[in-house]
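Small disclaimer: the values here were computed from a predicted structure and weren't measured. Lettering follows sequence order; numbering is per chain, from 1.
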Number of protein chains: 2
Amino acid sequence: MVKEINTSIVMDTIIRYHSISRARISEITGLNKGTVSSLVSELIIQHLVFETGAGESSGGRKPVMLQFNGDAGYVIGIDLGVNYVLTILTNLQGMIICEHQEDIIGLNSQEIIPLLVRSIGIISSQAPSSPYGIVGIGIGVPGMVNAEGTVLFAPNLGWTHVDLRAAIQLNYSEMPIFVDNEANMGAIGEKQYGLGKEVANLIYISVGVGIGAGIILRNEVFRGTGGYSGETGHMTIDANGRLCRCGNRGCWELYASEQALTDMGKSIQLDGTIGTLESYVASAEKGQGSVIEAFEKIGHYLGIGVANIMNIFNPDLIIIGNRLAKAERWLSRPLQETVDQRALPIQRQSAAVQFSSLSSHSTALGASFMAVSAFLQKSTSRSL
Amino acid sequence: MVKEINTSIVMDTIIRYHSISRARISEITGLNKGTVSSLVSELIIQHLVFETGAGESSGGRKPVMLQFNGDAGYVIGIDLGVNYVLTILTNLQGMIICEHQEDIIGLNSQEIIPLLVRSIGIISSQAPSSPYGIVGIGIGVPGMVNAEGTVLFAPNLGWTHVDLRAAIQLNYSEMPIFVDNEANMGAIGEKQYGLGKEVANLIYISVGVGIGAGIILRNEVFRGTGGYSGETGHMTIDANGRLCRCGNRGCWELYASEQALTDMGKSIQLDGTIGTLESYVASAEKGQGSVIEAFEKIGHYLGIGVANIMNIFNPDLIIIGNRLAKAERWLSRPLQETVDQRALPIQRQSAAVQFSSLSSHSTALGASFMAVSAFLQKSTSRSL
DNA sequence: TTTACTTAGTTTAGCCACTGTACAAACTAA
DNA sequence: TTAGTTTGTACAGTGGCTAAACTAAGTAAA
């Protein structure tokens, strides 16, 4: 049991420092040199770590540098969006090997699940050969997911109670499969591979048709008691505001989501195109004032909710992700201004607000990391 | 290190089960009988555990029952309120031995600190003799406190940057002293000794002059990056609402706190008394409709914020505490109705909203528990 | 070169705290 | 009584750690 913990510590240290000697690991972790040596040799036998040759001497014998073998295996990450499926293959370090995207507009769950299985098949076949092969699959879904991987409610997909994990498991019986909310996966993605690498507390705000949040506190996802935390889109920001389909009034997502944009757009004369987010972005880029104003209004309302979240959580970082992050150019300034006006001074001084750095891959990368994490945990524990 | 962990596990098991045999501990924890025996004998030497005699046989030798020695030492818990100081002495099980209260209306920090020291002295002298004596002091403060025990900002006391821990430490140099926000302490109190014993995620909402929240997630207080989490009072619930002194508009505490009551009270004809919370409660008890209406309005607005918190955290339990809990009778129904209307169905099904069960002792008890917790941790670890 | 000094990594002996097994003590029930 | 249970202790064995010695491989200055 102690060995398990120490193996994890050594593994994490190697991954974090990218290239490191046994002696440095011993220094950093406080573990004895002998202990480190023996643990490392087991990791090498497991193909999880390899020696890259001699490093720079600092006045004595040259160290043998160690690296994490990111290509010991591969994982699949899936971002099941409202109208697309993005499937990626990454190695254990989150390097994207290949990706595959398909539209799912108008499809129901009976049609989407086979499509997911097909996508997994296509992507799997492109994995380079490796000691462990494909070691897991992660899936981010735009809805509430329970601990068993059942999608309880995904309004924008029209799903209720779809046992997604079991459905995929039918085709890949031995494969570890992780299903979670798209915002949680996005938060994990940003924490591991994006802007959140150095912070312990971050909130990833997924602004798409609605708004959801992935909450990472003390370096771990906080899912709440039933797994339904982060329903920030239905936070009241206007007590006497418009009625939301959830039954509440003045929900944040009525004022600051893609749906809000569409509502505003009805009164905007577009240059002939349909009112998709992409068309609005295109119009804004052409300088259409009414569209830019709409974005700025949404940025302002985003700021109100972001300030609330800052006041409640006192996080290191708030990241705006998902579809509306594409309009960063017009959202950013009004958002920041509103936060500066509305959040408590001590909060806005210590917390940063940024837009996703992984473009549209946050969720898929987070999903793939779930699988990586589980694989490494299993690998370092079973080396008994 | 393993021993430390196991000692803690044994200790926790004894505390939880109140009266238990070595054999049962071994069963429950999975530790070997011999291991449990040796750890228990050390705890007995330390006076932390004692044998209470034979228990009921279940067909064989009678077990020797063990109990946690709650009277191995005592701790002091202080609730520094806006206009009172409540000091309590408890044993290690949170049993209140004696208490002492003083008014501090109109006093500044230079006057309050000596008063705190005096109160500690008065209470200390009443502690029964015990193996360890007074083992720690906890203080809950109505303001932001950093990790060093400095009160950064306590608007209702008029304090900025008062190094409270250091000031008390001057008089009790070797004593462990814990200073934290009053809402965090209240949350801890409810978690340990009140309504939250069985739950992992609870939010304690302290409704006094303003509103603050103590957040317990996965059985631990979440304090945020700088220690400033839980500033829920400044959550916007009305985007275009009234201006708050914090600079924001439509802050929750403008509509749902003692301050809100006072504001409303200006237009209420009271029966000759001044507008304190107590006088409003008295009027409501006499059946004065306008006061009851005011309470109901506050209950409604409390519900809006509570629904927000439910949607964001998906907790097991939300507890309403501090001064306004005294008006439970009139707040409760409108609060629950609003939550039922506004929180997502799945949230309100799984989370309960209750009023504090420890009457006005939540904060002081939480403060005392901080000291208990630190003492037990130290005791079980230094038995090397 | 040679020599002295560093630093890296392995080996070995010893130790700590756990587990498993055996056993004594103390009880119940037939 | 006698057989069978349950509790708690004793003791040997083991896993995994640390400390220290040692080998290996370098640098720097005489």
Practice prompt. Report which part of the nucleic acid Thr35(A) touches: base, sugar-phosphate, or nothing (heavy-atom distance under 4.0 Å, all strands).
Written response: base
Discussion item. For a quick check of understanding: with a heavy-atom distance under 4.0 Å over all strands, which category does Ser26(A) fall into, base, sugar-phosphate or nothing?
Written reply: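 If one applies the 4.0 Å heavy-atom cut-off, Ser26(A) turns out to touch nothing in the nucleic acid.
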Interatomic distance, [X] [atom1] vs [N] [atom2] [rounded to whole Å]:
X	N	atom1	atom2	answer
Ile20(B)	dT7(D)	CD1	C1'	14 Å
Glu42(B)	dC16(C)	CD	P	13 Å
Arg24(B)	dG8(D)	CZ	P	12 Å
Asn32(A)	dT11(C)	CG	P	14 Å
Glu27(A)	dG9(C)	CD	C1'	13 Å
Lys3(A)	dT18(D)	NZ	P	13 Å
Leu39(A)	dG15(D)	CG	P	15 Å
Met65(A)	dT7(C)	CE	P	16 Å

Worksheet item: Looking at Glu51(A) and Arg22(A), does any basic side-chain N land under 4.0 Å from a carboxylate oxygen?
Response: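 Result for this pair is yes, salt bridge flagged.
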Practice prompt. For Ser58(A) and for Leu31(A), locate the closest nucleotide of DNA chain D by heavy-atom distance; then report the residue assigned to the nucleotide nearer the 5' terminus.
Written response: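 Here Leu31(A) is the residue nearer the 5' end.
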Worksheet entry | Which residue lies more 5' along DNA chain D, comparing Gly60(A) with Val64(B) via nearest heavy atoms |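 Its nearest nucleotide lies further toward 5', so the answer is Val64(B).
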Worksheet item: For the side chain of Val2(B), counting heavy atoms from C-beta on, which of dC17(D), dC27(C), dC18(C) is nearest?
Response: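 Taking heavy atoms from C-beta onward, the closest nucleotide is dC18(C).
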Worksheet entry | Lys3(A)/Glu42(A) under salt bridge (Lys or Arg N to Asp or Glu O under 4.0 Å): CA gap, chis, key distance, verdict | CA-CA 11 Å; Lys3(A) 189 172 178 180; Glu42(A) 286 183 36; 2.7 Å; yes
Worksheet item: Does a side-chain N or O from Arg22(B) land closer than 4.0 Å to OP1 or OP2 of dT9(D), or not?
Response: yes
Discussion item. Please tell me if Asn6(B) has a side-chain N or O lying less than 4.0 Å from either OP1 or OP2 of dC18(C).
Written reply: yes
Can you find an N or O donor on one side and an acceptor on the other, under 3.5 Å apart, linking the side chain of [X] with the base of [N]?
X	N	answer
Arg61(B)	dT6(D)	no
Lys62(A)	dG26(D)	no
Lys33(B)	dG8(D)	yes

Fill in: Residue met sooner reading DNA chain C from 5', once Glu51(A) and Ser38(B) are mapped to nucleotides
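Upstream on the strand: Glu51(A).
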Discussion item. Name the residue from Ile25(B), Thr29(B), Val36(B), Ile14(B) that meets the side-chain contact (heavy atoms from CB on, under 4.5 Å) definition with Ile9(B).
Written reply: Thr29(B)
Item to complete: Can you tell me the pairing partner of dC22(D) across any strand shown, Watson-Crick or G-U wobble, with both distances under 3.5 angstrom?
Response: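 The answer is dG9(C), by the H-bond criterion.
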Practice prompt. Kindly say whether Gln169(B) contributes a backbone atom to a donor-acceptor pair with the side chain of Ser173(B) at under 3.5 angstrom?
Written response: no
Item to complete: On the 0 to 90° scale, with breaks at 30° and 60°, tag the Phe313(A)-Phe313(B) ring pair as parallel, tilted or perpendicular.
Response: tilted
